[in-house]
Amino acid sequence: MKRQACHAIAIAAAADGTPPAVVHLLPAGVFGGRDGRGPWTLSDPAGVIAASMADAPAGLPIDFDHAIDYAAPAGRPAPAAGWITKLEARETGLWGAVEWTERGAAAIKAKEYRFLSPVFDYAVESGAVLRLHRAGLTNNPNLRLTALAAQERGDPMDRETFLRLVALFGLPATADAAAVVAHAQTLVERDKAATATLAALATAASLPATAPAAELVTAIQAKATPDPAKFVPIAQHQAVATQLAELQKTVTEEKATAAVEKAIQAGKLVPAMKEWGLELYRKDPKAFDAYVEKAPVVVQAGAQHSDKGGGTTTTTGTLTAEEQAVCAQLGLKPEAFAKAKAEQKEAA
């Protein structure tokens with residue numbers, strides 16, 4: 001960021017009033033205005049000379065009372081008092097060779113003007129002089145720094161305001177204009193994000209997107225506090241869960257018993273397989289149903305025989321219920337098993 005300024009320097013005219021052929025335009029090193037503004041720094045005289053003369057084939061103008069900056073924009077005359085044809089860097093600062101106009105030379109000789117005020121660009125963030133534009137004959141040396149309106153490029157920020165922004169943003173003192181702009185942009189984006197978040201929270205709380213923050217906080221706190229009337233104590237919840245589990249276990253057991261009894265009555269299971277059938281049903285009812293559906297009838301309904309304990313067991317031919325179960329498990333035909341059993345008995 002840069003800005004124009006002017007700085008008054010006395011004109012060293014000859015004893016007879018002849019205007020000087022070379023004038024002092026900018027002091028060397030760090031300098032400032034008598035009104036307290038600045039400081040500025042002539043740290044790169046060669047760069048300033050190159051930038052100043054690049055677009056000035058006829059030289060840099062010297063006018064009267066900064067008429068180029070004040071009178072010309074209003075349509076009033078702004079005649080030249082002289083032309084700076086060459087710039088030179090010396091130990092004392094920046095000097096310029098001048099070709100005075102007749103009117104300019106006469107004004108200096110008549111002591112109508114005693115000071116020269118150069119107009120220059122400087123970097124706001126560092127105060128470094130960037131370019132010399134022109135100079136003006138003036139009699140107001142106390143105003144060593146004056147903001148100019150010529151070639152208006154907006155209302156640029158002065159260095160004092162810039163440094164205040166740097167401090168306000170908590171940036172290092174060496175921060176430049178780009179850093180200040182970047183930080184300001186970050187703050188703007190952060191504000192937009194915060195606004196969007198608050199709007200989303202307000203919508204979630206069934207409030208208008210523009211609801212005040214205090215109202216939003218109250219609504220969120222109300223939603224975060226549970227209503228005792230809508231909840232039950234944890235002990236009661238656990239008791240109900242236990243009762244439900246027991247009920248489910250009882251229902252499953254009843255279904256298992258009914259399914260196994262039905263399979264036994266259909267001849268798909270022998271009584272000796274009852275516990276096995278119950279256990280399978282408890283673990284996987286679908287697997288039990290699939291087994292019963294594919295299992296052959298190993299016991300004819302109503303066919304019974306007495307077991308060694310005095311009870312009755314179902315038989316098919318000469319096979320006991322246990323032998324029929326073995327046939328079912330191994331996929332053997334009961335008739336073939338009975339025949340083999342008889343042959344074995346005869347051989348014995």
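The first residue of the sequence shown is numbered 1, and numbering continues consecutively from there. Side chains included, hydrogens not; waters and symmetry mates left out as well; all remaining heavy atoms used.
Using a 3.5 Å distance cut-off with no hydrogens or angles, the side chains of H66 and S117 do pair a donor with an acceptor. Judged purely by distance below 3.5 Å, without hydrogens or angles, the side chains of D289 and Y281 never pair a donor atom with an acceptor atom.
Looking at heavy atoms from C-beta onward, L60 lies out of side-chain contact with W83 at the 4.5 angstrom threshold. A heavy-atom distance below 4.5 Å is not found between the side chains of V270 and I264. Between P61 and I68, the closest side-chain pair of non-hydrogen atoms falls below 4.5 Å. By the 4.5 Å heavy-atom criterion applied to side chains, L171 and V180 are counted as neighbours.
Judged purely by atom type and a 3.5 angstrom limit, K268 uses its side chain to pair as donor or acceptor with the backbone of A295.
Across L130 and Y122, no two heavy atoms sit closer than the pair CD1-C, 3.9 Å. Heavy atoms only, all atoms of each residue included: S52 and L87 are closest at CB-CD1, 3.8 Å.
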Discussion item. Is there a salt bridge (charged side-chain N to carboxylate O under 4.0 Å, His left out) between E88 and R90? Walk through the geometry before answering.
Written reply: CA-CA 6 Å; E88 179 184 358; R90 299 181 181 180; 3.6 Å; yes
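In terms of hydrophobic clustering, with Ile, Leu, Val, Met, Phe, Trp and Tyr side chains grouped at heavy-atom distances under 4.5 Å, I108 and I84 are assigned to a common cluster.
Note on residues 94-103: pairs passing side-chain hydrogen bond (donor to acceptor under 3.5 Å, both in side chains), not counting sequence neighbours, are T92-W95. Sorted by first then second residue, the side-chain hydrogen bond (donor to acceptor under 3.5 Å, both in side chains) pairs that include residues 186-202, not counting sequence neighbours, are Q185-E189.
For the atom pair CG (D121) and CG (L132), the distance works out to 9.5 Å, reported to the nearest 0.5 Å.
The side-chain hydrogen bond (donor to acceptor under 3.5 Å, both in side chains) with Y113 is formed by just one residue from the set D65, T138, N139; it is D65.
Ring geometry, W276 versus Y291: the interplanar angle exceeds 60°, so the pair is classed perpendicular (tilted spans 30 to 60°).
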